[in-house]
Amino acid sequence: NAGVTQTPKFRILKIGQSMTLQCTQDMNHNYMYWYRQDPGMGLKLIYYSVGAGITDKGEVPNGYNVSRSTTEDFPLRLELAAPSQTSVYFCASSFRDSTFEQYFGPGTRLTVT
Amino acid sequence: GQSLEQPSEVTAVEGAIVQINCTYQTSGFYGLSWYQQHDGGAPTFLSYNALDGLEETGRFSSFLSRSDSYGYLLLQELQMKDSASYFCASNQAGTALIFGKGTTLSVSS
């Protein structure tokens, strides 16, 4: 089991560029999540999905989009990158009955300049 | 609003016991989770309390009091490798977690 994998590990974007952060899990988890973590802060939920074809907004969804076409994959799209989106992005997954126990990927460190 | 409050930093020496407190104000509360995150790493799950009382997992224990909207993580026999950030997180309506800002634990020899 690879668990939750994320690509890329690092990325530098120019203001106004777009990119997709990839996330894949091989644990057959129903639920998947995207968080961002700013220095010295906790994790803020961006979007989550309870199954293929179903997504919902979290605390900080503005500037991001998601899709979930398969159980395994949950990509996060950044449109028109802004410096405020400089952060570490974590993808996570869990079973439906244990959303309190989430498995996190290694993170993507994104800098927008 | 929904928020979880925890101390920003705690220091201790090897072999000691440390308690990290968390108070919460959230709606749709299901339970309280605790996560550990080493510098540059991903958060990893430690413990979960859905009911009042103490849950013990090896050197770590977690406590919840729903009536006081309060919980804590207790770390015993501290080791250098326990130096990390610890986050409490509220399980919202069984679908998502709201995280506190984290407590940085520094263990010295």
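Keep in mind the model is a prediction, meaning the values are calculated, not measured. Letters A, B, ... are given to chains in the order of the sequence lines, protein chains preceding strands, and every chain is numbered from 1. Both backbone and side-chain heavy atoms feed into the values below; hydrogens, waters and symmetry mates do not.
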Using non-hydrogen atoms and a 4.5 Å limit, figure out which bit of [X] sits close to chain B: side chain, backbone, both or neither.
{"X": "A:Phe100", "result": "both"}
{"X": "A:Leu45", "result": "side chain"}
{"X": "A:Tyr35", "result": "side chain"}

(message) Is the ring pair B:Phe29/B:Tyr24 parallel, tilted or perpendicular, if the boundaries are 30 and 60 degrees?
(response) parallel
(message) Please verify the inter-ring angle class for A:Phe74 with A:Trp34; under 30° counts as parallel, over 60° as perpendicular, anything in between as tilted.
(response) tilted
So for [X], is it side chain, backbone, both, or neither that comes closer than 4.5 Å to the heavy atoms of chain A?
{"X": "B:Tyr35", "answer": "side chain"}
{"X": "B:Ala96", "answer": "both"}
{"X": "B:Gln6", "answer": "neither"}

(message) With chain A as the partner, which of B:Ile98, B:Leu97, B:Asn91, B:Thr104 has the greatest number of non-hydrogen pairs under 4.5 Å?
(response) B:Leu97
(request) Flag the one option from B:Ser90, B:Gly102, B:Pro43, B:Ser33 with the top tally of heavy-atom pairs under 4.5 Å to chain A. (result) B:Pro43
(message) Going by salt bridge (Lys or Arg N to Asp or Glu O under 4.0 Å), name the residues that satisfy it together with A:Asp38, two or more places apart in sequence or in a different chain.
(response) A:Arg36
(message) Just so I know, are the side chains of A:Tyr64 and A:Gln85 near enough to count as touching, which here means a heavy-atom distance under 4.5 Å?
(response) yes
(request) Side-chain contact test, heavy atoms from C-beta onward, threshold under 4.5 Å: evaluate it for B:Asp82 versus B:Arg59 and give yes or no. (result) yes
(request) Using only heavy-atom distances, determine whether the side chains of A:Tyr33 and A:Ser94 contain a donor-acceptor pair under 3.5 Å. (result) yes
